[in-house]
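Okay, structure first, notes after.
Residue numbers count from 1 along this sequence.
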Amino acid sequence: DTDERKEIFISIILPLILQVNENIIKGRKSLSEIMYSMETNGEMSEEERKWINQKLKQYRIETFDIPELYSRMNIIPPSLAITQAAIETGWGTSRFATEANALYGQWTWDDDKGMVPRQRGDDESHSIKVFDNLMGAVRGYAFNLNTHPAYEDFRVERRQYKNPKKIDVNDLLITLIFYSELGYEYIDNLN
């Protein structure tokens, strides 16, 4: 039953998204505390500097840019994450979802780390990234949106919301134009 399948899919994916977002929020809160401490004291501890450097590396920021880190260290709206997973996997029924825990169609150019699409052309070299579990797929998706240059517009638009939990997903959709080869059709599907 289609409705039951959708319900089950959401009940599996939503807790994973919420957990990933909760971890991001914890890191963001720690960063806020360090930023506040720097503003009031004018310095940070060696431990804080080490933590920030680790986060800068994790979020693929090459300079000591705390505002950029704060911008990237942000949640992915659950409704968007569920919608993209549903579209990318046919509500969890795709071969990539069932055999590779791939919920978001993320590409890799290393066939050892991916599953080759059956329809891949001879002139193409991408695979769909394989994950050990669904949590890994959700983490990878959040990481992708929070770090990849193709989603800079997504991060810029999201940055306008002071409270991450009040992000208007509709404002973010057009920024995902490069997420799929379908372009504007993909945005219509997300809508």
Side-chain angles (χ1 to χ4, degrees), residues 2-3 5-14 16-18 20-21 24 59-61 68 70-111 113-131 134 136-191:
T2 303
D3 290 336
R5 180 177 52 217
K6 289 178 180 180
E7 209 172 289
I8 291 168
F9 181 81
I10 292 170
S11 72
I12 291 169
I13 302 303
L14 180 59
L16 302 175
I17 294 164
L18 294 175
V20 167
N21 279 343
I24 292 170
Y59 281 87
R60 295 184 175 167
I61 301 170
E68 179 63 20
Y70 189 76
S71 173
R72 289 186 185 201
M73 192 182 287
N74 205 339
I75 68 165
I76 308 302
S79 61
L80 177 63
I82 291 170
T83 301
Q84 286 193 269
I87 288 171
E88 294 291 332
T89 66
W91 292 97
T93 62
S94 74
R95 175 174 75 104
F96 298 118
T98 59
E99 296 177 25
N101 293 312
L103 298 174
Y104 296 99
Q106 291 176 261
W107 287 15
T108 180
W109 282 264
D110 181 350
D111 285 350
K113 294 181 180 179
M115 179 181 276
V116 177
R118 289 185 180 132
Q119 305 296 322
R120 183 172 84 173
D122 293 337
D123 60 333
E124 296 176 316
S125 60
H126 72 282
S127 294
I128 302 300
K129 190 170 182 182
V130 173
F131 294 91
L134 296 176
V138 175
R139 279 191 194 111
Y141 163 74
F143 178 76
N144 192 29
L145 289 182
N146 282 331
T147 63
H148 197 284
Y151 309 118
E152 176 66 23
D153 290 344
F154 172 84
R155 294 188 296 273
V156 167
E157 185 63 38
R158 182 182 61 183
R159 185 181 304 146
Q160 296 180 37
Y161 293 91
K162 300 295 180 213
N163 182 345
K165 293 185 179 184
K166 294 193 177 190
I167 296 170
D168 185 344
V169 174
N170 293 318
D171 291 344
L172 299 177
L173 295 183
I174 194 65
T175 68
L176 297 174
I177 191 73
F178 300 115
Y179 196 91
S180 168
E181 293 177 320
L182 298 175
Y184 288 107
E185 183 182 338
Y186 185 72
I187 302 307
D188 290 342
N189 290 339
L190 288 174
N191 240 338

(Q) Any heavy-atom pair between the side chains of N170 and N191 that's under 4.5 Å? (A) yes
Q. Any side-chain donor paired with an acceptor under 3.5 Å for S71 and R159?
A. yes
Q: List for me each residue that meets side-chain hydrogen bond (donor to acceptor under 3.5 Å, both in side chains) alongside D171, sequence neighbours excluded, and say none if there are none.
A: Y161
Q: Taking all heavy atoms of I167 and all of N74, pick out the closest pair and write down the distance.
A: CD1-OD1, 4.5 Å
Q. Is there a side-chain contact between I187 and L176, using heavy atoms and a 4.5 Å cut-off?
A. yes
Q) Of all residues at least two apart in sequence or in a different chain, which pass the side chain to side chain contact (heavy atoms under 4.5 Å, CB included) check with T98? A) none
Q: Check R72 against Y59 and note the closest heavy-atom contact, atom names and distance.
A: NH1-O, 2.7 Å
Q) Looking only at heavy atoms, which two atoms of T108 and G114 are closest? And how far apart? A) CG2-CA, 3.8 Å
(Q) Please enumerate all residues that pass side chain to side chain contact (heavy atoms under 4.5 Å, CB included) together with H126, with sequence neighbours excluded. (A) W107, W109, P117, R120, E124
Q: Working to the nearest 0.5 Å, report the span between CZ of R95 and CZ of R118.
A: 4.0 Å
(Q) I'd like to check the side-chain hydrogen bond (donor to acceptor under 3.5 Å, both in side chains) partners of N146; sequence neighbours left out, ordered by chain and number. (A) R158
Q: Can you measure from CZ (R139) to CD1 (I24) and round to the nearest 0.5 angstrom?
A: 10.0 Å
Q. About how many Å separate CG of L182 and CD1 of I177, when rounded to the nearest 0.5 Å?
A. 9.5 Å
Q: Starting at CZ of R60, measure out to CD of E68 and round the result to the nearest 0.5 Å.
A: 13.5 Å
Q) Do the non-hydrogen side-chain atoms of F131 and Q106 ever get within less than 4.5 Å of each other? A) yes
(Q) Minimum heavy-atom separation for G92 and A97, please, with both atom names. (A) O-CB, 3.9 Å
Q. If you round to the nearest 0.5 Å, how far is CG of D3 from CD1 of I8?
A. 11.0 Å
Q) Any side-chain heavy atom of L80 within less than 4.5 Å of one from L173? A) yes
Q) What pair of heavy atoms forms the shortest contact from S127 to V116, and how long is it? A) OG-CG2, 3.7 Å
**Q.** Exercise: identify the closest heavy-atom pair between Y151 and N144
**A.** CD1-O, 3.5 Å
Q: Please indicate whether D122 has more than 12 foreign heavy atoms, meaning atoms of other residues, nucleotides or ligands, lying under 6.0 Å from its CG.
A: no
Q: Output yes when a side-chain donor or acceptor of T89 lies under 3.5 Å from a complementary backbone atom of A85, and no otherwise.
A: yes
Q. What side chain to side chain donor-acceptor pair (under 3.5 Å) pairs are there with at least one residue in residues 174-189, not counting sequence neighbours?
A. Q84-Y186, E88-Y186
(Q) Quick check for you: to the nearest 0.5 Å, what is the distance between I82 atom CD1 and L103 atom CG? (A) 11.5 Å
Q. Taking only residues two or more places apart in sequence or in another chain, which ones pass side chain to side chain contact (heavy atoms under 4.5 Å, CB included) with A81?
A. I17, I76, Y104, Y141
